[in-house]
Amino acid sequence: MAPPPSTIFNGALRYAELGYAVFPCASGGSVPLTDNGFHGATTDHNQIEAWWSAHPSANVAIATTGLLVVDIDPLDDGSPNLWLREEPERLLALAAAPTAITPRGGRHHVFRRPAGKTWRCSTSVLAPHVDVRTDGGYIVAAPSRRREGSYSWLRDFELDVSPDRLLEPPSWLAAALDGSGTTSPTLPRVANGGETANPIPSGQRNATLARLGGAMRRVGMSKEEISAALNRANRDRCVPPLAPGEVERIAASVARYAPDEVSVALVENHYDQMYSETPSEEARSSASAPCRKW
């Protein structure tokens, strides 16, 4: 007997079509309904139909074998997890992957596990309330529901490609997982000889800071949090640094986007368009200076 129409059932079939092994979990929760848990995950449509015929309101879970999922949970009091707040480029690298928002406001960033890596699932090893799911694990996936709300993919960053087409994790994340993993390593701020590491030159400062701010807004950071991170990046990397008021203007412009709207701006490169036609700090200064005759 075919299962009744269900957005969750349809989601399970779609994941299977893409090549992700799925299985049902209890309605409103994450407890597997299969006899052998995630080990029973499959891409077989007949089995999936049989499961949802028996459990039409079941949630859908994806086995993370061959994947690397960074699971960032909010803090115990429900406040946002500020991991990487002061390292916006790392946050941007995470935000490039398919990204789901969990019912409690957490995030799942989904990558392909590189060949030869034998990473294990872990809890709060990269950072407090930051978990890793890979072989031996699973995630509950959109459009599954819990009491607090539904899982959902960020617009334009849905899981809509096969596993072999996913991005591999950025090098800094791979290095952290390869090592002891007790903390997330800090980005180098200063190169040998006192030179700025990864400098942002004049002419690229506004657009680069805006893209970094966009990545932070996309995962729900506030204007104040974005401003603090951008001021740090401006101080450490911009050559020369922008005026503080200019950084505040960029943070305010980015924060006007709703988190689910800013992903469109990232994809369509609105920030480069927005700021490439905005006179630079130096150009505005020159324009306001008295004309000189030679």
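- With values rounded to the nearest 0.5 angstrom, F157 atom CZ is found 11.5 Å from I101 atom CD1.
- Closest approach of Q47 and D44 over heavy atoms only: N-OD2, 2.8 Å.
- No donor-acceptor pair closer than 3.5 Å links the side chain of R90 to the backbone N or O of W172.
- Its side chain within the 4.5 Å cluster rule, Y151 clusters with V140 among the Ile, Leu, Val, Met, Phe, Trp and Tyr residues.
- Across all non-hydrogen atoms, the minimal contact from A229 to M216 is CB-SD, 3.4 Å.
- Taking the side chain as every heavy atom from C-beta outward, H45 and E17 approach each other to under 4.5 Å.
- With rounding to the nearest 0.5 angstrom, the OG1 atom of T208 is 11.0 Å from the CG atom of N234.
- The two atoms that bring G149 and P103 nearest to each other are O-CG, 3.5 Å, heavy atoms only.
- A donor-acceptor contact shorter than 3.5 Å is absent between the side chain of T64 and the backbone of L67.
- Counting heavy atoms from C-beta outward, T65 and R113 have side chains that stay 4.5 Å or more apart.
- Residues L242 and V254 fall within the same hydrophobic cluster, defined by Ile, Leu, Val, Met, Phe, Trp and Tyr side chains chained together at heavy-atom separations under 4.5 Å.
- In this structure the side chain of L166 reaches within 4.5 angstrom of the side chain of L159, judged on heavy atoms.
- Hydrophobic cluster membership is shared by I139 and F23, with clusters built from Ile, Leu, Val, Met, Phe, Trp and Tyr side chains linked at under 4.5 angstrom.
- Residues R107 and L154 form no side-chain contact, since every pair of their non-hydrogen atoms from C-beta on lies 4.5 Å or further apart.
- I72 has its side chain within reach of H109: a pair of non-hydrogen atoms, C-beta onward, lies under 4.5 Å apart.
- Atom CD1 of I8 is separated from atom SG of C25 by 10.5 Å, given to the nearest 0.5 angstrom.
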Worked check of side chain to side chain contact (heavy atoms under 4.5 Å, CB included) between L177 and L68:
CA-CA 11 Å; L177 294 170; L68 176 74; 3.7 Å; yes
Side chain to side chain contact (heavy atoms under 4.5 Å, CB included) evaluation trace for E248 with N231:
CA-CA 8 Å; E248 292 299 320; N231 273 294; 3.1 Å; yes
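- Using bins of under 30°, 30° to 60° and over 60° for the plane-to-plane angle, the ring pair Y15/W153 lands in the perpendicular bin.
- Here the CD-CG distance, from E49 to L13, works out to 6.0 Å after rounding to the nearest 0.5 Å.
- Not a single donor-acceptor pair under 3.5 Å links the side chain of S227 to the backbone N or O of K223.
- For R145, the side chain to side chain donor-acceptor pair (under 3.5 Å) criterion is met by no residue, not counting sequence neighbours.
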Determine whether D160 and R14 satisfy the following criterion, salt bridge (charged side-chain N to carboxylate O under 4.0 Å, His left out), listing intermediate values before the conclusion.
CA-CA 9 Å; D160 58 4; R14 176 57 178 158; over 6 Å; no
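- Within a 6.0 Å radius of CZ in R120, other residues, nucleotides and ligands contribute 12 heavy atoms or fewer.
- Going from atom CG of L212 over to atom CZ of R217 covers 16.0 Å, rounded to the nearest 0.5 Å.
- Side-chain N or O atoms of S144 include one that pairs as donor or acceptor with a backbone N or O of V60 at under 3.5 Å.
- Of the possible donor and acceptor atoms, one in the side chain of Y138 sits under 3.5 Å from a partner among the backbone N and O of S30.
- Enclosure of atom CG in D35 is not indicated, since only 12 or fewer non-hydrogen atoms of other residues, nucleotides or ligands lie within 6.0 angstrom.
- Distance alone, capped at 3.5 Å, places no donor-acceptor pair between the S162 side chain and the G19 backbone.
- A 4.5 Å side-chain heavy-atom check between I200 and C238 finds at least one atom pair inside the cut-off.
- Distance alone, capped at 3.5 Å, is enough to place a donor-acceptor pair between the N81 side chain and the D73 backbone.
- Residues A12 and V22 share a closest heavy-atom pair of O-CG2, 4.0 Å.
- D71 places no side-chain N or O within donor-acceptor distance of the main-chain N or O of V132, the cut-off being under 3.5 Å.
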Given side chain to side chain contact (heavy atoms under 4.5 Å, CB included), test T42 with W51 step by step and report yes or no.
CA-CA 11 Å; T42 184; W51 280 331; 3.6 Å; yes
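- Side-chain contact between L173 and L126 is present, with at least one heavy-atom pair separated by less than 4.5 Å.
- No donor-acceptor pair closer than 3.5 Å links the side chain of W83 to the backbone N or O of P128.
- In the hydrophobic clustering of this structure, L82 does not group with L75; members are Ile, Leu, Val, Met, Phe, Trp, Tyr whose side-chain heavy atoms approach within less than 4.5 Å, directly or through other members.
- Panel note: side chain Q204, backbone P201; no donor-acceptor pair is recorded below 3.5 Å.
- For the atom pair NE2 of H55 and OG of S6, the computed distance is 13.0 Å after rounding to the nearest 0.5 Å.
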Step by step, would you call I250 with I226 a side chain to side chain contact (heavy atoms under 4.5 Å, CB included)?
CA-CA 9 Å; I250 295 170; I226 294 169; over 6 Å; no
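- R133 and S122 make their closest contact through NH1-O, 3.4 Å (heavy atoms, listed as atom of the first residue, atom of the second, distance).
- Inspection of the W119 and D135 side chains reveals no N or O donor paired with an N or O acceptor under 3.5 Å.
- For the pair A16 and T43, the tightest heavy-atom approach, listed with the atom from each and the gap, is CB-O, 3.7 Å.
- Side-chain contact check for P32 versus F38: every heavy-atom pair is 4.5 Å or farther apart.
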